Student: 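Structure in structure tokens, see below.
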Amino acid sequence: MALPFVGSILIALLLRTNSRLLPASVAGFIAATVAIATAALYPFVRNGGVVRFEAEWLPQLGVNLTLRMDGFAWMFAMLVAIIGLMVVLYARYYMSEDDPVPRFFSFLLAFMGSMLGIVVSGNVILLAVFWELTSLSSFLLISYWHQNPAARDGARMALTVTATGGFCLLVGLLILGNIVGSYDLDAILAAGDQIKADPLYLTSLVLILLGAFTKSAQFPFHFWLPNAMAAPTPVSAYLHSATMVKAGVFLLVRLSPALSGTYEWFILVGLAGITTLVLGAYFAMFQQDLKGLLAYSTISHLGLITTLLSLGSPVATVAAIFHMMNHATFKASLFMAAGIIDHETGTRDMRRLSGLLRYLPITGRLAMIASAAMAGVPLLNGFLSKEMFFAEAVETHADSWLDTALPYLAVIASAFSVAYSLRFIHTVFFGPPPVDLPNPKPHEPPHWMRFPIEFLVVACLVVGIVPNFTIGPFLEVAAFSVLGESTPEYSLSIWHGFNIPLMMSLLALSMGIAIYVVFRDYFSRCDDGPPWFRHLRGQRIFERVLVTLSWRWARSLEGRLGTRNLQPQLRWVTFIGFMAALLPLYLSGFQPRMIAPSGVDAPFLGMWIVGGCLAIGTAYLAKYHRLAALVMLGGVGLIVCTTFVWLSAPDLAVTQLLVEIVTTVLILLGLRWLPKRANTLKDELTFRARFRRFRDFLLASICGVGMAFIAYAVMTMRVPDAIANFLLENAYTQGGGRNVVNVILVDFRGFDTLGEITVLGIVALTVYALLRRFRPASDSMAPPEQQRAQSVFDEQQPDRDVGDTVRDYLLVPSVIMQWLFPVVITLAIYIFIRGHDLPGGGFSAGLTMSIAFLLQYLAGGTRWAEERIRILPLHWMGSGLLVAAATGIGSWLLGYPFLTSHSRYLDLPLIGKVPAASAMLFDLGVFLLVVGSTVLILVALAHQSVRINRIRAIDESREEPS
Amino acid sequence: MELVLAIAIGIMTSCGVWLILRPRTYQVIIGLSLLSYAVNLFIFGVGGLKSDEPPLLVDGVAIETLTDPVPQALVLTAIVIGFATTALFLVVLLASRGLTGSDHVDGRSDRR
């Protein structure tokens with residue numbers, strides 16, 4: 001059962017051909033298959049049976065892929081499939097050569113799949129998913145002619161309205177599911193009383209109704225439907241009259257056993273339905289666009305169905321289902337007829353069309369029958385359901401003014417609908433031959449384009465004349481599946497004798513004719529849109545609301561709450577961070593479970609007294625004495641490093657030391673490009689500045705105190721035995737290394753490390769990219785003071801050339817550093833190899849290696865180093881990442897999960913026993929990448945001093961001619 | 001020991017927070033470095049403080065006496081990532097200074 005619908009989506013995704021016929025035939029084939037498959041299920045649902053298919057999707061959330069088909073779903077699925085087939089056939093001829101036809105059919109099939117999904121969903125969450133899918137595919141189909149702005153606007157509006165409704169629906173269904181305790185449709189339908197008694201019933205009802213009303217274009221959300229008429233006509237016929245807009249009322253019918261019957265239901269649904277019914281019919285009379293008329297008429301008919309559902313009586317529900325089917329048949333055929341008229345004449349403006357019957361005799365007659373069905377003329381299907389509607393309207397269901405007014409409103413709306421049907425036919429097909437049509441010679445379309453209309457019109461006739469032999473049994477099955485035991489006795493016959501409904505019908509007919517005769521001239525002259533309401537456009541209001549919401553409110557919120565300054569943001573972040581730490585402590589209390597703190601070591605205390613002073617000094621000096629602050633920061637770093645050694649973390653100490661070196665050099669390189677102290681700025685403090693400083697100081701102090709407190713508390717608590725012992729026990733047996741920290745990094749948490757080195761590589765590339773276009777501020781362009789002094793000195797000495805002093809600068813240290821190059825590389829390799837068993841490893845080795853390169857830059861200067869060593873950091877990085885990933889993938893080849901490691905010791909001649917774990921290869925990748933990215937960052941920064949000379953030279957040469 | 005380290009962490013946090021709230025980019029980068037020291041030491045401290053028992057498996061030493069290696073592995077990662085962010089921030093700082101001509105965190109000194 002799921003097969004055709006899954007298949008239709010699948011093929012929709014695969015369709016990318018250029019042929020015109022192929023997509024149409026594939027789509028037709030799919031639609032036909034769906035229709036046949038659905039039809040084949042009829043024996044299973046005939047006796048009130050339910051076909052179910054269930055697959056687990058998210059069982060822990062109670063969301064399963066449940067499909068269920070009962071009589072009602074069967075009927076709707078048939079409707080979707082058969083009209084889909086007709087529309088595909090029609091569209092085959094309707095779409096022009098220039099349109100991307102495969103896309104059209106692919107969207108259409110996607111829609112068909114999602115619509116079928118709604119119909120057969122057995123789980124409300126699944127239903128909401130398909131619901132959104134129909135909104136999406138409707139958006140894509142409306143905007144099919146995306147070069148047309150009206151299509152884009154209409155599509156956007158339709159999506160905004162229906163998707164907002166869909167969101168409300170989802171929330172409503174979630175509430176419903178929570179009330180019942182299950183998202184399964186059967187469970188929800190069975191729990192009607194429980195739902196209605198729940199305090200959240202009203203909330204859920206309103207939300208679900210919002211979803212249904214937006215989808216079914218009920219007042220006040222009706223305005224999107226006329227704008228959606230910018231879609232190709234097959235889409236209007238299929239989505240916006242026959243199926244998608246029916247999804248809303250479908251849902252109301254589906255959920256009516258669970259939700260309906262209360263006073264709230266009657267008022268909410270009834271009010272919306274009646275308003276829509278009357279207003280839609282009234283608006284439709286004044287439309288000049290053929291499709292606009294049909295759109296408003298669709299709205300009005302949907303209102304009729306909604307009104308029927310609001311009554312909550314079984315017969316009304318039957319009538320609603322019946323009218324859904326009838327409306328789908330005659331409205332789809334009318335849309336197709338309108339499409340043919342548009343296709344043949346080139347316009348849909350009723351002021352320009354007239355007397356088309358002589359050119360389109362067959363289409364014209366078909367359209368006449370269909371509009372007669374729309375108007376509710378006897379012997380046609382529209383008449384039958386309208387009769388039932390009248391009969392229900394007369395009966396009193398809930399005693400209120402709404403109920404009393406209903407019969408009168410029904411007659412008025414019905415009269416309007418007679419009037420607009422008459423107007424449609426009379427204007428377009430009768431009267432003098434049309435003048436100045438864009439397409440002067442209209443003629444009958446190919447027969448197969450007309451065939452869908454013929455088919456549907458015949459359906460109207462047959463159902464209208466012999467209802468009991470055609471639709472009767474199906475309708476009964478559908479009604480039974482919704483209403484169950486309370487399925488009423490009803491009669492589908494045409495003649496019930498002279499009773500009130502018949503009188504109402506006749507009254508409506510004659511009133512409608514009278515309206516048309518009286519106002520005929522006005523209709524043909526008036527502007528688009530009904531009098532009084534012409535300026536009150538739903539579309540306009542919608543756009544206003546959108547602008548207000550997404551622009552004005554957003555702006556004012558940003559202006560009030562937002563800031564573009566970093567400091568307030570950071571202040572808030574810090575404050576919230578502090579509160580986030582404080583709140584749990586405050587709420588759940590603090591229970592000290594102290595273990596005795598270890599005794600204080602005097603040297604440790606002394607070291608940290610120095611460290612604290614250095615930290616404070618850094619904070620104090622960072623504003624004006626950058627170098628001093630950097631030196632002090634380095635001091636703090638060293639003390640941190642010593643602390644790591646002291647507290648048995650040699651790995652950390654090594655890494656910290658190396659990172660400290662590299663960071664310091666980096667910042668030193670950067671210092672050159674920062675501005676000098678501006679002497680013009682007076683250091684006078686205003687009151688506000690004093691206040692700011694005081695506030696920041698306060699914030700910093702409480703953060704510090706809080707952090708110290710938490711740190712002390714944490715450190716004096718017993719460590720729960722979590723994973724530490726596991727790692728310690730298994731590091732050697734499974735990871736093959738004695739240095740547990742390293743084993744964790746390259747083995748147990750190897751995947752994290754892979755991610756981490758990737759981040760490092762990305763950072764390096766970003767730094768490189770940022771610096772490629774780096775242009776320093778104008779005041780840092782000049783050569784630094786020291787260089788200038790040296791140049792002046794060189795010029796004064798007769799035996800020296802300019803630049804000699806720079807070259808001789810720090811000569812002895814630089815020679816030593818150059819000699820150290822191989823030594824440092826050896827050290828790096830040593831650190832790398834011992835890493836698995838002793839402190840060291842890829843990270844520290846990589847950093848050491850990059851320091852080796854760095855030393856050369858420091859010793860010889862950037863230009864000297866770049867002339868002699870060609871480092872290709874990108875190659876290092878790339879190979880590092882590849883090696884690391886390949887090591888991980890290698891374990892796949894041997895049938896283990898990603899990054900499983902293997903270890904053994906190798907006996908190498910001369911060297912002896914060498915640990916050789918596959919994790920070591922991974923570590924090699926880490927090493928290569930760390931070298932590559934660190935060097936890339938440092939070199940990119942150091943290279944600026946070479947680049948700056950070039951920029952300076954270019955600037956000077958540019959200035960000279962001017 | 002614990003008390004000393006806790007107070008040290010507190011002092012570094014205070015200085016770091018103070019500095020990242022300052023208006024000059026250089027102050028912020030130094031402040032971030034100080035903060036990262038504090039945070040690293042804090043995470044490291046979670047595992048408890050033990051002197052002279054590094055998590056290196058040596059035959060004949062009971063593993064229960066060794067220091068918890070997990071915080072160490074975490075901090076090792078944190079150090080490297082901290083280095084990367086510092087480098088990135090430094091370059092952003094320089095580029096911003098080059099583009100705007102100001103080393104204020106907002107790229108301009110006047111308040112708007």
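Below, chains carry the letters A, B, ... as their sequence lines are ordered, and counting in each starts from 1. Keep in mind that what you see is a predicted model, and the values were worked out from it rather than measured.
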Student: Is chain A contacted by the side chain of B:L19, its backbone, both, or neither, given a heavy-atom distance below 4.5 Å?
Tutor: side chain

Student: Chain A: which of B:V92, B:L34, B:T86, B:T85 shares the most heavy-atom pairs with it under 4.5 Å?
Tutor: B:L34

Student: Against chain A, work out which of B:A38, B:P23, B:G82, B:G31 has the most heavy-atom pairs shorter than 4.5 Å and name it.
Tutor: B:P23

Student: Could you walk me through whether B:I81 and A:E756 pass side-chain contact (heavy atoms from CB on, under 4.5 Å), step by step?
Tutor: CA-CA 7 Å; B:I81 292 288; A:E756 187 194 352; 3.5 Å; yes

Student: Checking B:L74 against A:R749 for the side-chain contact (heavy atoms from CB on, under 4.5 Å) test, could you report, in this order, the C-alpha distance in whole Å, the side-chain angles of both residues, the deciding distance, and whether it holds?
Tutor: CA-CA 10 Å; B:L74 292 177; A:R749 286 178 59 241; 3.9 Å; yes

Student: Minimum heavy-atom separation for A:A711 and B:I9, please, with both atom names.
Tutor: CB-CD1, 4.0 Å

Student: Using every non-hydrogen atom in the two residues, find where A:G704 and B:T13 come nearest and quote the distance to one decimal.
Tutor: CA-CB, 4.1 Å

Student: So which atom in B:M12 and which in A:A615 form the shortest heavy-atom distance, rounded to 0.1 Å?
Tutor: CG-CB, 4.2 Å

Student: Only pairs of heavy atoms separated by less than 4.5 Å count here; which of A:V741, A:T655, A:L652 has the most with chain B?
Tutor: A:L652

Student: Looking at B:I30, B:V75, B:V80, B:V39, which one has more heavy-atom pairs under 4.5 Å with chain A than the rest?
Tutor: B:V80

Student: Tell me, for A:Q569 versus chain B, whether the close heavy atoms (under 4.5 Å) come from the side chain, the backbone, both or neither.
Tutor: neither

Student: Based on non-hydrogen pairs under 4.5 Å, which of A:G706, A:A649, A:G841, A:G611 is most in contact with chain B?
Tutor: A:A649

Student: Measure distances from A:V767 to the heavy atoms of chain B and classify the residue's part below 4.5 Å as side chain, backbone, both or neither.
Tutor: both

Student: Between chain B and each of A:S844, A:P675, A:G637, count heavy-atom pairs under 4.5 Å; write down the option with the most.
Tutor: A:P675

Student: CE of A:M715 to CG of B:L41: how many Å apart, nearest 0.5 Å?
Tutor: 8.0 Å

Student: Of all of B:Q27, B:R97, B:Q72, which one pairs up most often with chain A through heavy atoms under 4.5 Å apart?
Tutor: B:R97

Student: Could you tell me which non-hydrogen atom of B:F83 sits nearest to which non-hydrogen atom of A:T934, and how far apart they are?
Tutor: CZ-CG2, 3.7 Å

Student: What part of A:L671 gets within 4.5 angstrom of chain B, counting heavy atoms only: side chain, backbone, both, or neither?
Tutor: side chain

Student: Find the one option among A:T618, A:T574, A:V636 whose heavy-atom pairs under 4.5 Å with chain B are most numerous.
Tutor: A:V636

Student: Given the options A:W673, A:Y620, A:F709, which has more heavy-atom pairs under 4.5 Å with chain B than any of the others?
Tutor: A:W673

Student: Would you compute the distance between atom OH of A:Y712 and atom CD1 of B:I7 and round it to the nearest 0.5 angstrom?
Tutor: 9.5 Å

Student: Would you name the heavy atoms of A:R626 and B:Y26 that are closest together and state the gap between them?
Tutor: O-OH, 3.0 Å

Student: Looking at CZ of A:F843 and OG1 of B:T77, how far apart are the two atoms once the value is rounded to the nearest 0.5 Å?
Tutor: 6.5 Å

Student: If I measure from the heavy atoms of chain B, does A:L941 come under 4.5 Å with its side chain, its backbone, both, or neither?
Tutor: side chain

Student: Roughly how far, to the nearest 0.5 Å, is OG of B:S33 from CD1 of A:I667?
Tutor: 5.0 Å

Student: How long is the gap from CZ on B:R22 to CG on A:D696, to the nearest 0.5 Å?
Tutor: 4.5 Å

Student: Chain A: which of B:I11, B:V70, B:L76 shares the most heavy-atom pairs with it under 4.5 Å?
Tutor: B:L76

Student: Using non-hydrogen atoms only, which part of A:L745 is less than 4.5 Å away from chain B: side chain, backbone, both, or neither?
Tutor: side chain

Student: If you tally heavy-atom pairs under 4.5 Å against chain A, which of B:A87, B:P71, B:G16 wins?
Tutor: B:A87

Student: So which heavy atom on A:R693 is nearest to which on B:W18, and how close?
Tutor: O-CZ3, 3.4 Å

Student: Could you give the distance from CG (B:L90) to CG (A:L669), rounded to the nearest 0.5 Å?
Tutor: 8.5 Å

Student: If we define contacts as heavy-atom pairs under 4.5 Å, which of A:L570, A:L633, A:L770 has the most with chain B?
Tutor: A:L633

